[in-house]
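Heads up: the structure comes next, in structure tokens.
Note that the coordinates shown come from a computational prediction; the quantities given were computed from them, not determined experimentally.
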Amino acid sequence: MRRRPATARARRRLAAVLRGLLRFPAAGEGPLGRGMAAVIASTALGIALLLTPAARAAPTALDRWSMHAAISLEVAINRVALGRASHVDERVCRWLEAGDDPTLTFEDTWPLLSGSLNERLRLGLPTGPLLELPAATAGSLERHAAGLVPYAHNESAITWLVELLLRARPGSTLQDALAGLHALRLGWLWLFALALARGGASPLLVLASLFAATRLLAESIAEPSLVALYAGLLPALLATAGGASLLIGARAWRRGPVGAAWAVACGVWATFVINLRTSYAPIVLALLAWVLVSAALDLRAWTGGASRRRRLAAAVAWGLGVALGGLALDRVAFRPAREVRSELNAHHHVVAHPLVLSLALPPNDLARSEGIAWDDFRGIVIARREDPAARYLRPGYEAALFSYYRRLWRERTWDMVRTYAAKLGTAGAATRAHCRGAFRDLSVGSFFVRTGTLPVLWVRHGLLFALLAAVVIAAAWSSARAGLLPRGGSELLGALGLTAALCYLEAALIVSTHSVAYHGFLAFFLVFVGLVVLTGSLDRLRLGCQRAAVVTPPAPPPARP
């Protein structure tokens, strides 16, 4: 007899836990408290990392293909140790200049870096503190300094982060730098989880989303050549979308000096992500514009005692704060490097080079007949068709490639149309196929990646992916008007949909076939939308069962006259 009440209590507690995990907010319900949202985000991230060891462990080394990552580290070391804003070993420039020789392959150029700091960083030769490596490699710091030349670098955000680490902890090693970058990635995932929890996602959706995100992160860091920059692209985009929704949901611009501080932080983050990857500038600027428009509309409609002068002051303070934050970070971290004059490479990622070479993806008749391949060293061959004097990544190189690209549109118009039709159809759809086929291990993260793609199996063409992004944006707009989600929830959906649409456009123009390095966000977006559908369906099923279980008392019989 005593066991039955105990069993009933256990069942009630289990049912309460399940309700709490599945529960989405009711219409008109306010956002989850900051403290509880932080607890949910921290718990979900902790569980996801506990069950995804490959994402928990920070990378400890680069590899021979990590030339650009090693350059980022080298530039930071030279800036801290010698005060040279953007300088590298002259052998790095000779390595890039080898692109002028169309007979060489990428691997053929590696001996040009022999004995350099770049080679030591890539190959994991006996290392110590990063600031001691120049003297250890060249024999003395003076000899190392004598071999430095100006260099136009375009992964400036990574360089700045490593520079901050070296100034704060001069004894930091390569492993410390990689661990610090990895800790930032995990912090960005936590920020996204916080935005999910604040925006009304059920705890189950937060947990499932983090399982998927950490599994996709683990896929990136499994390739050592991706660990410095590319492994951080997915977390950075998630943090950008999540941060935008948190700012809009909290109406940060109403908070006086605190709101102005958030505006400065917003400008700093936007500038940082743009310098992390140049092609993300349209995404960042679109989300930033959305935040600023939301601020303007909210301040215009602000009631509750706020005078017109106060609302105008808040709007001006917020706009100035964003601008000042971005300009301040640029002046401190990135402008000194841009002021270094070098004809080799560029301080932003080149445009015509990937635009032309990507015509080979997916394989097509145009690329085969023109001899185009997704190979950096094929660029000089194509550029010299327009300008025989062109040199690899030197002034005139991009102009020659743009001229060739325009000529293709003039002379082979229909071939270009067919090529881009294939690219538009491949982008996004190839990512869905990858998510269905690549994650076959028995980890929890792989299970959620595969499960999340079930409701989006119909995305078998790139334009259907674009349609899905548009549907998410429309759903965000309609839910915001109807008040179906707490403040910030609709904004987060809209931010994710907008980011996915712009990432799809970038993929269709450049790397349309799936790439672990570039398309992490496309993969996450597909999985996330599927998880929203599945967890939302479970919650609706729970509500239906709950209503059916309610016994309506019979109406009393009518009174007799």
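- Annotation: salt bridge (charged side-chain N to carboxylate O under 4.0 Å, His left out) contacts involving residues 231-251, sequence neighbours excluded, comprise Arg251-Asp298.
- Here CG of Leu130 is found 11.5 Å from CD of Glu74. Values are rounded to the nearest 0.5 Å.
- With hydrogens and angles disregarded, a donor-acceptor distance shorter than 3.5 Å links the side chain of Arg91 to the backbone of Ser114.
- In the model, His153 has no side-chain atom that pairs as donor or acceptor with a side-chain atom of Ser86 under 3.5 Å.
- In this structure, the side chains of His434 and Glu219 come closer than 4.5 Å at one or more pairs of heavy atoms.
- In this structure, the side chain of Ser66 does not engage the main chain of Leu62 through any donor-acceptor pair within 3.5 Å.
- By the 4.5 Å heavy-atom criterion applied to side chains, Glu491 and Ser294 are not counted as neighbours.
- In summary, Glu370 and Arg385 engage in a salt bridge, as defined by a charged side-chain N under 4.0 Å from a carboxylate O.
- The aromatic ring centres of Tyr504 and Phe525 sit 6.0 Å or more apart.
- The side chain to side chain contact (heavy atoms under 4.5 Å, CB included) with Ser72 is formed by just one residue from the set Thr159, Leu229, Leu161, Val162; it is Thr159.
- Thr499 has its side chain within reach of Phe521: a pair of non-hydrogen atoms, C-beta onward, lies under 4.5 Å apart.
- Side-chain atoms of Leu237 and Trp188, non-hydrogen and from C-beta on, never get closer than 4.5 Å to each other.
- Side-chain contact check for Glu386 and Ser403: at least one donor-acceptor pair (N or O, by modelled atom type) lies under 3.5 Å.
- Side-chain N or O atoms of Thr426 include none that pairs as donor or acceptor with a backbone N or O of Lys423 at under 3.5 Å.
- Side-chain atoms of Asp176 come within 3.5 Å of backbone atoms of Thr173 as a donor-acceptor pair (strictly under, hydrogens ignored).
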Does the pair Tyr151 and Leu96 meet the rule for a side-chain contact (heavy atoms from CB on, under 4.5 Å), with working shown?
-> CA-CA 11 Å; Tyr151 176 75; Leu96 279 177; 3.5 Å; yes
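- For the residue pair His519 and Glu506, no side-chain donor N or O sits within less than 3.5 Å of a side-chain acceptor on the partner.
- Under 3.5 Å, the side chains of Thr103 and Asp101 contain a donor-acceptor pair of N or O atoms.
- For Arg331, the CZ atom is loosely surrounded, since the number of other residues' heavy atoms within 6.0 Å does not exceed 12.
- Not a single donor-acceptor pair under 3.5 Å links the side chain of Glu163 to the backbone N or O of Trp160.
- Listed by chain and number, the residues in a side-chain hydrogen bond (donor to acceptor under 3.5 Å, both in side chains) with Tyr392 amount to none (sequence neighbours excluded).
- The minimum heavy-atom distance linking Leu194 with Ala38 is given by the pair CD1-N, 3.6 Å.
- Here CZ of Phe524 is found 12.5 Å from CG of Leu522. Values are rounded to the nearest 0.5 Å.
- Without hydrogens or angle criteria, Trp318 side chain to Gly259 main chain gives a donor-acceptor distance under 3.5 Å.
- Put simply, the side chain of Arg79 never gets that close to the backbone of His87: no donor and acceptor are under 3.5 Å apart.
- Taking 4.5 Å as the limit, some side-chain heavy atom of Phe402 sits within range of a side-chain heavy atom of Leu355.
- Nearest heavy atoms, Pro150 versus Val340: CB-CG1, 3.5 Å.
- Donor-acceptor pairing under 3.5 Å is lacking for the side chains of Ser358 and Trp374.
- When atom types are taken as modelled, the side chain of Ser172 and the backbone of Arg169 share a donor-acceptor pair closer than 3.5 angstrom.
- For Trp65 against Ser225, the heavy-atom pair with the smallest separation is CB-CB, 4.0 Å.
- With 3.5 Å as the limit, one finds a donor-acceptor pair spanning the side chains of Thr137 and Arg120.
- Residue Arg167 holds its CZ atom at 9.5 Å from CG of Leu131, rounded to the nearest 0.5 Å.
- Around CZ of Arg335, the count of heavy atoms belonging to other residues, nucleotides or ligands within 6.0 Å exceeds 12.
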How far apart are the C-alpha atoms of Leu329 and Phe272, what are their side-chain angles, what is the distance that settles it, and do they pass the side-chain contact (heavy atoms from CB on, under 4.5 Å) test?
-> CA-CA 8 Å; Leu329 180 65; Phe272 171 80; 4.0 Å; yes
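- You'll find the side chain of Asp100 reaches within 4.5 Å of the side chain of Arg384, heavy atoms only.
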Evaluate the ring pair (Phe, Tyr, Trp, His ring centres under 6.0 Å) criterion for residues Trp269 and Trp262: first the C-alpha distance (whole Å), next the side-chain angles of each, then the deciding distance (0.1 Å), finally the verdict.
-> CA-CA 10 Å; Trp269 178 256; Trp262 280 115; over 10 Å; no
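- Ion pairing between Glu97 and Arg394 holds under the 4.0 Å rule for side-chain N and carboxylate O.
- Residues Leu210 and Ala193 approach most closely at CD1-CB, 3.6 Å, considering heavy atoms.
- Between Glu107 atom CD and Thr109 atom OG1 the span is 8.0 Å, to the nearest 0.5 Å.
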When you look at Arg277 and Tyr518, which way does the side-chain contact (heavy atoms from CB on, under 4.5 Å) test go after all the steps?
-> CA-CA 11 Å; Arg277 181 165 173 77; Tyr518 302 117; 3.3 Å; yes
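- In this model, a donor atom of one side chain and an acceptor atom of the other lie less than 3.5 Å apart for His353 and Asp376.
- Between Ser515 atom OG and Ile510 atom CD1 the span is 12.5 Å, to the nearest 0.5 Å.
- At a threshold of 4.5 Å between non-hydrogen side-chain atoms, the residues Ile77 and Pro134 count as touching.
- Side-chain contact check for Thr60 and Gln175: no donor-acceptor pair (N or O, by modelled atom type) lies under 3.5 Å.
- Distance check: Asn78 CG to Leu117 CG gives 7.0 Å after rounding to the nearest 0.5 Å.
- At least one donor-acceptor pair closer than 3.5 Å links the side chain of Arg122 to the backbone N or O of Arg64.
- Residue Leu181 comes nearest to Ala228 through the heavy atom pair CD1-O, 4.1 Å, listed as atom of the first residue, atom of the second, then distance.
- In this structure a side-chain-to-backbone donor-acceptor pair under 3.5 Å is present from Ser512 to Leu361.
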Passes side-chain contact (heavy atoms from CB on, under 4.5 Å), Cys93 versus Val88? Steps please.
-> CA-CA 8 Å; Cys93 293; Val88 295; 4.1 Å; yes
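- With a 4.5 Å cut-off on side-chain heavy atoms, Met416 and Tyr405 count as touching.
- Closest approach of Leu401 and Gly379 over heavy atoms only: CD2-O, 3.8 Å.
- Contacts of Ala367 classified as side-chain contact (heavy atoms from CB on, under 4.5 Å), with partners at least two apart in sequence or in another chain: Ala360, Asn364, Ile372.
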